[in-house]
Q: 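Encoded as structure tokens, here's the structure I'll be asking about.
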Amino acid sequence: ITMETQVSNGPSGTSLPNGPVISTNGSTDDSKTNLIVNYLPQNMTQEEFKSLFGSIGEIESCKLVRDKITGQSLGYGFVNYVDPNDADKAINTLNGLKLQTKTIKVSYARPSSASIRDANLYVSGLPKTMSQKDMEQLFSQYGRIITSRILVDQVTAGISRGVGFIRFDKRNEAEEAIKGLNGQKPLGAAEPITVKFANNPSQKTGQALLTQLYQTAARRYTGPLHHQTQRFRLDNLLNASYGVKRFSPITIDSMTSLAGVNLTGPTGAGWCIFVYNLSPEADESVLWQLFGPFGAVTNVKVIRDFTTNKCKGFGFVTMTNYDEAAMAIASLNGYRLGDRVLQVSFKTSKQHKA
DNA sequence: TCGGATT
């Protein structure tokens with residue numbers, strides 16, 4: 001039974017226990033007081049959130065939305081004011097406010113409803129030349145777009161990574177967009193795009209979650225002392241690596257002269273490392289174990305054959321900090337893992353050499 | 001012997 005059915009015949013202004021005021025048409029009417037706030041800084045706390053929006057006027061309720069497992073902020077929240085005028089004032093004064101690296105967005109929240117859930121799409125294979133506006137234009141034929149984004153390379157600042165997100169107002173609009181656009185080539189594009197429902201933010205591996213937690217904690221509490229500690233630890237690791245057997249001793253300096261390396265840079269958030277000569281049985285955990293000791297690892301991937309599901313002999317590791325990535329490469333290139341000698345280097349952007 | 005990408 002839905003809430004609407006329960007209260008639709010009740011008198012105007014019926015209050016449910018602990019609940020909002022229900023209007024005669026059966027829906028809560030907080031459309032003029034309830035706001036959604038997006039693009040909050042990752043480290044903002046519930047208290048800071050409440051304090052910021054409480055400075056505008058009396059708050060009926062507010063909630064910073066956090067990950068169920070880690071408790072980490074998901075970067076957005078809701079504020080319900082008592083007075084609609086305060087909600088209006090909050091939009092006018094706080095929308096577009098720059099907090100740290102983020103520009104927050106403050107707008108009226110859409111009424112909570114099952115039909116607006118799971119309406120978020122993940123799009124990949126986009127032409128690098130396609131702008132956010134182009135993408136919106138392509139998708140807008142299927143419904144009302146609430147938010148959209150194209151992910152860009154962090155260093156070249158602005159080059160599209162060819163992947164993005166589109167949130168529709170309604171789930172059925174998102175479904176239609178998948179039917180209409182998945183596997184299709186946009187106007188004049190060479191490759192078809194992939195359109196599917198986006199993952200939830202908390203669908204990472206346990207290890208990746210731990211890494212993210214660790215990194216967030218490190219960012220929050222780090223200081224000069226911590227940095228020095230980290231350096232000291234890396235020096236120890238480097239010294240320890242002298243004992244590693246190598247079939248091809250190589251220095252970081254000599255690596256930079258290798259073909260393709262000059263094209264290397266951090267993609268997304270970190271430095272991508274190519275690991276070759278993994279066994280067919282290799283899995284992600286071996287990469288975490290090999291690279292984790294050198295510093296912050298955000299992602300590992302073992303490339304497998306689609307049909308056999310066996311490792312194709314190589315994988316990728318993304319590390320946040322250049323120094324740590326360089327140290328891992330210097331230490332693990334030539335490392336003997338079982339009966340194999342690993343080759344480890346920064347990933348090149350070349351397809352492959354003949 | 002260099003993928004796929006999850007705000």
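Order of the sequence lines sets the chain letters (A, B, ...), proteins ahead of strands, with each chain counted from 1. The figures that follow rest on heavy atoms only: side chains count, while hydrogens, waters and symmetry mates do not.
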Q: Identify which nucleotide among dT6(B), dG3(B), dT7(B) has an atom closest to any side-chain atom of Asn199(A), counting heavy atoms from C-beta outward.
A: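 Of dT6(B), dG3(B), dT7(B), dT6(B) is nearest to the side chain of Asn199(A).
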Q: Can you tell me the distance, in whole Å, between the OH atom of Tyr39(A) and the P atom of dT7(B)?
A: 12 Å
Q: Rounded to whole Å, please give me the gap between CZ in Arg161(A) and C1' in dT7(B).
A: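 About 10 Å, once rounded to whole Å.
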Q: Quick test of your reading of the model: are Arg171(A) and Glu175(A) salt-bridged, counting only N-O distances below 4.0 Å?
A: yes
Q: Side chain of Lys128(A), heavy atoms from C-beta onward: which of dT7(B), dA5(B), dT1(B) has the nearest atom to it?
A: dA5(B)
Q: To the nearest Å, how far apart are Gln132(A) CD and dT7(B) P?
A: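 In whole Å, dT7(B) P and Gln132(A) CD are 15 Å from each other.
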Q: Check whether the ring centres of Phe316(A) and Phe274(A) lie less than 6.0 Å apart, and answer yes or no.
A: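 Centroid distance Phe316(A)-Phe274(A): below 6.0 Å, so yes.
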Q: Which nucleotide in the set dT7(B), dC2(B), dT6(B) lies at the smallest distance from any side-chain heavy atom of Tyr122(A)?
A: dT6(B)
Q: Starting at atom CG of Leu126(A), determine the distance to atom C1' of dT6(B), rounded to an integer number of angstrom.
A: 13 Å
Q: From dT1(B), dC2(B), dT7(B), pick the nucleotide closest to the side chain of Thr348(A)?
A: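 Nearest to the side-chain atoms of Thr348(A), counting from C-beta on, is dC2(B).
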Q: Between dT7(B), dA5(B), dT1(B), which nucleotide gets closest to the side-chain atoms of Gln343(A)?
A: dT1(B)
Q: Among dT1(B), dG4(B), dT6(B), find the nucleotide with the atom closest to the side chain of Lys347(A).
A: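 Between dT1(B), dG4(B), dT6(B), the one nearest the side chain of Lys347(A) would be dG4(B).
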Q: Give the nucleotide from the list dT7(B), dC2(B), dA5(B) with an atom nearest to the side chain of Arg149(A).
A: dT7(B)
Q: Within this structure, what is the NZ-to-P distance between Lys310(A) and dT1(B), rounded to whole angstrom?
A: 18 Å
Q: Among Ile91(A), Asp30(A), Ile36(A), Thr33(A), find the one that has a side chain to side chain contact (heavy atoms under 4.5 Å, CB included) with Tyr108(A).
A: Ile91(A)
Q: Taking the side chain of Val163(A) as its heavy atoms from C-beta onward, which of dC2(B), dA5(B), dT6(B) lies nearest to it?
A: dA5(B)
Q: What is the distance, to the nearest angstrom, from the CG atom on Leu278(A) to the P atom on dC2(B)?
A: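 Checked: the CG to P distance equals 13 Å.
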Q: So if I take every side-chain heavy atom of Ile303(A) and compare against dT6(B), dT1(B), dG3(B), which nucleotide ends up nearest?
A: dG3(B)
Q: What's the NZ-P distance between Lys301(A) and dG4(B), to the nearest Å?
A: 7 Å
Q: Partners of Glu281(A) by side-chain contact (heavy atoms from CB on, under 4.5 Å), sequence neighbours excluded?
A: Ser279(A), Lys310(A)
Q: How many Å lie between CD on Gln72(A) and P on dT7(B), as a whole number?
A: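 So the two atoms are 11 Å apart, to the nearest Å.
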Q: Return the nearest nucleotide to the side chain of Cys272(A); candidates are dG3(B), dA5(B), dT1(B).
A: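 Of the options given, the side chain of Cys272(A) lies nearest dG3(B).
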Q: Just to be sure I understand the rule, does Lys102(A) reach a base, reach only the sugar-phosphate, or reach nothing, if contact means heavy atoms closer than 4.0 Å?
A: nothing
Q: Can Lys133(A) and Glu136(A) be counted as an ion pair, charged N to O under 4.0 angstrom?
A: no
